[in-house]
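Contents: one structure, followed by commentary.
Chain A is the first sequence line, chain B the second, and so forth, proteins listed ahead of strands; every chain is numbered from 1. Everything quoted here is computed from the prediction, not taken from an experiment.
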Number of protein chains: 2
Amino acid sequence: MPSPKNSDAEAAAEKTRLSRQVVLAAALELVDAEGLDALTMRRLGQQLNRDPMSLYRYAANRAALLDGVSELVFDELSIHPKDPDWQAQLRYIAHDLRLLALRHPNVVPLLVTRPLSTPLGLRPLGTLRPLEQILSLLIDAGFAPADALHMYRAYYGFLYGHILNELQEFIVDPDENEALLRLGLHRLPPKDFPQLRALGPVLADYDGAAELDQGIDILLSGLAAHLSRVPESTREPAQG
Amino acid sequence: MPSPKNSDAEAAAEKTRLSRQVVLAAALELVDAEGLDALTMRRLGQQLNRDPMSLYRYAANRAALLDGVSELVFDELSIHPKDPDWQAQLRYIAHDLRLLALRHPNVVPLLVTRPLSTPLGLRPLGTLRPLEQILSLLIDAGFAPADALHMYRAYYGFLYGHILNELQEFIVDPDENEALLRLGLHRLPPKDFPQLRALGPVLADYDGAAELDQGIDILLSGLAAHLSRVPESTREPAQG
DNA sequence: ACACCTTCTCTACACTGTAGACTTTACGCG
DNA sequence: CGCGTAAAGTCTACAGTGTAGAGAAGGTGT
């Protein structure tokens with residue numbers, strides 16, 4: 001068979017040279033399309049038109065592959081640590097991350113879960129970059145480093161929590177227009193869950209972006225009020 | 001063999017009748033001791049001194065088993081939805097949940113992740129009970145149902161985020177007393193991660209409870225200021 | 001042409017969840 | 001007691017997983 005049978009189906013995977021980027025991109029595509037469980041070595045190999053074992057050149061094992069996907073996704077974030085308006089920048093990042101999560105919902109469990117089993121210092125650098133940059137932003141804004149860390153934790157914690165919350169608002173039957181049924185709430189025993197059932201219609205329309213904004217606003221202004229900030233005039237200029 | 005060879009090792013698993021509670025308890029024990037990956041049907045069967053297939057009487061499949069473990073853990077939470085001091089109650093719940101997470105760190109990925117793949121109405125009831133009860137608490141405190149939901153989301157979101165944050169502060173080498181090395185931060189390239197490396201010592205001592213408290217305070221008081229609350233005197237008394 | 005290193009493939013192994021048929025046990029009823 | 005029925009537990013088997021280890025194919029420099 002001299003001519004490659006590449007014509008069949010959507011196997012656009014010509015046999016070009018592999019590379020880490022190509023492998024990770026294919027992995028992300030697979031996860032986006034079919035979920036985390038679909039990302040097996042064999043399946044990914046098939047997607048790339050290669051033997052599954054060839055993937056081990058580009059990721060030491062499956063866990064490393066998952067880390068790679070996390071890193072790839074985090075690269076979609078753009079943070080400007082030099083923005084003078086730190087509050088605006090944090091709000092911007094928050095929305096960016098939110099949209100990223102909505103774009104890649106199947107990756108979110110990864111983002112949230114992998115760090116729990118990897119000590120800070122051993123994580124993929126790409127996943128630590130946002131942390132470093134936000135710290136920079138806050139320190140440049142005049143917060144003492146310890147306070148910057150403090151603030152980062154509250155900010156990022158809330159942000160993650162919000163994203164998890166929003167992604168949970170899953171729908172059972174999108175064709176149903178009765179709120180109770182859309183959310184599957186009719187299954188709950190009315191005696192035990194009166195409030196939840198009553199809130200069906202309210203649950204159904206949820207403005208994630210607005211709630212995120214409000215929460216961040218409250219947190220940031222509240223925290224800023226408690227923390228010491230060195231005014232710009234009395235600060236030493238940043239070196240470099 | 002008339003006398004059971006039960007003497008060997010820690011096989012305290014006499015061949016008593018199984019039950020859902022027993023199975024789930026053993027599963028939780030296994031997860032606590034060796035992590036989520038160790039919870040395989042075969043391993044759990046061995047722990048209970050039974051054929052792995054017998055477990056399917058008490059959980060339809062592995063996913064259902066995981067849901068059961070989640071439920072079991074949530075049962076450790078005690079919420080008092082009738083507490084007249086709603087802020088105090090929410091603070092109390094927050095600390096309770098935090099301690100629960102520290103007690104069962106390996107279960108946390110489950111708590112966070114399972115709802116992402118299960119529509120609200122189809123979740124195990126045990127995992128929805130906290131939601132219902134907190135809504136009750138807030139509505140009884142005078143918030144309009146929609147506002148109560150609003151508040152719940154911000155509160156629970158922050159809480160989850162905080163827990164994830166705190167559990168991430170993992171340590172590479174607990175015997176090392178130099179902060180940089182304890183956290184494995186020496187591995188990070190100094191050029192790219194100056195702030196993070198500089199914060200080593202601060203990262204090392206982290207008062208999770210205090211930060212949680214402060215965040216919750218800021219969030220709750222901030223939200224309460226924005227939301228409409230019906231004063232008690234003008235409310236109709238709760239029926240039942 | 002040769003050697004060499006990287007990239008890719010093949011085979012094999014231990015382990016996973018679980019379907020389906022079977023055996024054992026428990027229990028109510030004559 | 002004995003029998004019948006249902007529940008509880010077991011056995012076997014299968015398709016799928018990650019990945020170790022040996023080998024083949026391909027590219028590059030001399």
I need the residues from residues 51-67 of chain B with at least one non-hydrogen atom less than 4.0 Å from DNA chain D; give them sorted by number, or say none.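 By residue number: B:D51, B:M53, B:S54, B:R57, B:Y58.
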Evaluate the side-chain proximity of B:R50 to B:L18: yes if any heavy-atom separation is below 4.5 Å, no if none is.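 Touching, per the 4.5 Å side-chain cut-off.
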Is the shortest side-chain heavy-atom distance between B:L66 and B:R114 below 4.5 Å?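 Sidechains of B:R114 and B:L66: in contact.
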What integer distance in Å separates [X]:[atom1] from [N]:[atom2]?
X	N	atom1	atom2	answer
B:R42	D:dT10	CZ	P	14 Å
B:R43	C:dA14	CZ	C1'	16 Å
B:D37	D:dT17	CG	P	17 Å
A:L44	D:dT19	CG	P	13 Å
B:R50	C:dT24	CZ	P	16 Å

Using a cut-off of 6.0 Å, state whether more than 12 heavy atoms not belonging to A:E29 lie near its atom CD.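 It does not: A:E29 CD has 12 such atoms or fewer within range.
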Need to verify one output field. Residue with the more 5' nearest nucleotide on DNA chain C, A:S19 or B:M41?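 Looking at DNA chain C, the more 5' nearest nucleotide goes with A:S19.
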So if I take every side-chain heavy atom of B:T40 and compare against C:dC8, C:dG17, D:dG9, which nucleotide ends up nearest?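 For B:T40, the side-chain atoms sit closest to C:dG17.
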Classify the angle between the aromatic ring planes of B:Y160 and B:Y156 as parallel (below 30°), tilted (30 to 60°) or perpendicular (above 60°).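 Ring orientation of B:Y160 relative to B:Y156: tilted.
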Could you walk me through whether A:I163 and A:L111 pass the side-chain contact (heavy atoms from CB on, under 4.5 Å) check? CA-CA 11 Å; A:I163 284 171; A:L111 304 185; over 6 Å; no
Identify the two heavy atoms, one from B:E76 and one from B:D96, that lie closest to each other, and give their separation to 0.1 Å.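 Reported closest heavy-atom pair: O-OD2, 4.5 Å.
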